[in-house]
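Notes for the one structure printed next.
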Amino acid sequence: MIKVGDTLPAATLMEFSEVEGNGCSIGPNPVEVSKAAAGKTIALFGLPGAYTPTCSAKHVPGYVEKFDELKAAGVDEIWCVSVNDAFVMGAWARDQKTGTKVRMLADGSADFAKATGLTLDLTARGMGLRSNRYSMLVKDGKVASLNVEGPGKFEVSDAGTLLAQAKG
């Protein structure tokens with residue numbers, strides 16, 4: 001499993017953009033993790049799935065709510081990574097009203113989750129291989145802090161915990 005001091009793995013996530021922007025076409029666009037993280041402080045959190053109860057009711061809303069405080073603590077971007085396709089992540093972003101506050105990044109084949117060792121096998125529940133619930137503070141591509149949840153828990157990967165680490 002990835003640990004503090006490690007560099008994020010080379011992986012490509014996908015991001016759905018509804019509005020054509022500077023260098024971004026509408027539709028799923030590749031996000032090369034190493035390039036996107038270079039020179040930035042990122043509050044990255046991973047979760048099992050879009051539209052799932054804890055993820056929708058607590059995890060994403062907490063980061064949207066703490067956006068201004070995280071920015072004030074030196075965070076450049078907030079990334080939500082989930083093993084879903086980019087279209088689902090785009091629809092969930094609309095539903096969660098993440099706007100430009102949280103980048104909703106799809107890890108469709110769980111390549112990033114596997115590369116970090118932060119997978120969760122939910123095959124018995126009909127969901128296949130997913131991402132574990134976690135958060136990490138990433139500085140210039142390196143893990144500065146890592147908070148991995150125990151099975152069924154939501155205690156250490158919340159926005160408040162990562163905010164305290166960003167301030168520390």
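Keep in mind that the numbers below use all heavy atoms, side chains included, and drop hydrogens, waters and symmetry copies.
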Can you confirm whether N147 sits close enough to Y134 that some side-chain heavy atom of one is under 4.5 Å from a side-chain heavy atom of the other? no

Please answer: with hydrophobic residues joined when any side-chain heavy atoms are less than 4.5 Å apart, are L118 and V83 in the same cluster? no

Please list, chain by chain and in numerical order, all residues satisfying side-chain contact (heavy atoms from CB on, under 4.5 Å) with T54, sequence neighbours excluded. K58, R133, F154

For the residue pair C55 and S82, establish whether any side-chain heavy-atom pair is separated by less than 4.5 Å. no

What pairs with T7 under side-chain contact (heavy atoms from CB on, under 4.5 Å), at least two apart in sequence or on another chain? K142

Which pair of heavy atoms, one from A37 and one from L8, lies closest together, and at what distance? CB-CD1, 4.3 Å

Give a yes or no on whether the backbone of G49 and the side-chain of T52 come within a donor-acceptor separation of less than 3.5 Å. yes

Could you give all pairs that pass the side-chain hydrogen bond (donor to acceptor under 3.5 Å, both in side chains) test and reach residues 149-160, with sequence neighbours left out? H59-S157, E149-S157, D158-T161

Could you pull out all residues at least two apart from E65 that satisfy salt bridge (charged side-chain N to carboxylate O under 4.0 Å, His left out)? none

Taking all atoms of both residues into account, what is the closest heavy-atom pair of A159 and G62, and its distance? CB-O, 3.4 Å

Measuring only between side-chain heavy atoms, which start at C-beta, is F16 closer than 4.5 Å to R94? yes

Count I, L, V, M, F, W, Y as connected when their side-chain heavy atoms are under 4.5 Å apart, and connections chain through other members. Are M1 and V138 then in the same cluster? yes

Looking at E15 and P30, would you say the former's side chain and the latter's main chain have a donor-acceptor pair under 3.5 Å? no

For S145, which residues count as a side chain to side chain donor-acceptor pair (under 3.5 Å) partner, sequence neighbours excluded? Q165

Closest heavy-atom pair and its distance - S56, P61: O-CG, 3.1 Å

Please name all residues satisfying side-chain contact (heavy atoms from CB on, under 4.5 Å) with D140, sequence neighbours left out, ordered by chain then number. A38

Would you mind listing the cluster partners of M127? Hydrophobic ones only (ILVMFWY), side-chain contacts under 4.5 Å, chaining allowed. L120, L122

Do the side chains of M14 and V33 join up, straight or via other hydrophobic residues, at under 4.5 Å, putting them in one cluster? no

Is there side-chain contact between P9 and I2, with at least one heavy-atom pair below 4.5 Å? yes

K101 meets the salt bridge (charged side-chain N to carboxylate O under 4.0 Å, His left out) criterion, sequence neighbours left out, with none

In chain order, what residues pass the side-chain contact (heavy atoms from CB on, under 4.5 Å) check against E32, with sequence neighbours excluded? T12, K35

T123/L129 under side-chain contact (heavy atoms from CB on, under 4.5 Å): CA gap, chis, key distance, verdict: CA-CA 6 Å; T123 304; L129 187 67; 5.8 Å; no

Can you pull the salt bridge (Lys or Arg N to Asp or Glu O under 4.0 Å) pairs that have at least one residue in residues 70-93, sequence neighbours excluded? K40-E77, E77-R103

Side-chain heavy atoms under 4.5 angstrom apart, residues restricted to Ile, Leu, Val, Met, Phe, Trp, Tyr: same cluster for V143 and L44? yes

Tell me the salt bridge (Lys or Arg N to Asp or Glu O under 4.0 Å) pairs involving residues 105-123, sequence neighbours left out? none

Can you find a pair of side-chain heavy atoms, one from V148 and one from V156, that are under 4.5 Å apart? no

Using a 4.5 Å side-chain heavy-atom cut-off and chaining through intermediate ILVMFWY residues, the residues clustered with Y51 come out as F45, L47, V60, Y63, V64, F67, L70, V75, I78, V88, M89, W92, V102, M104, L137, L162, L163

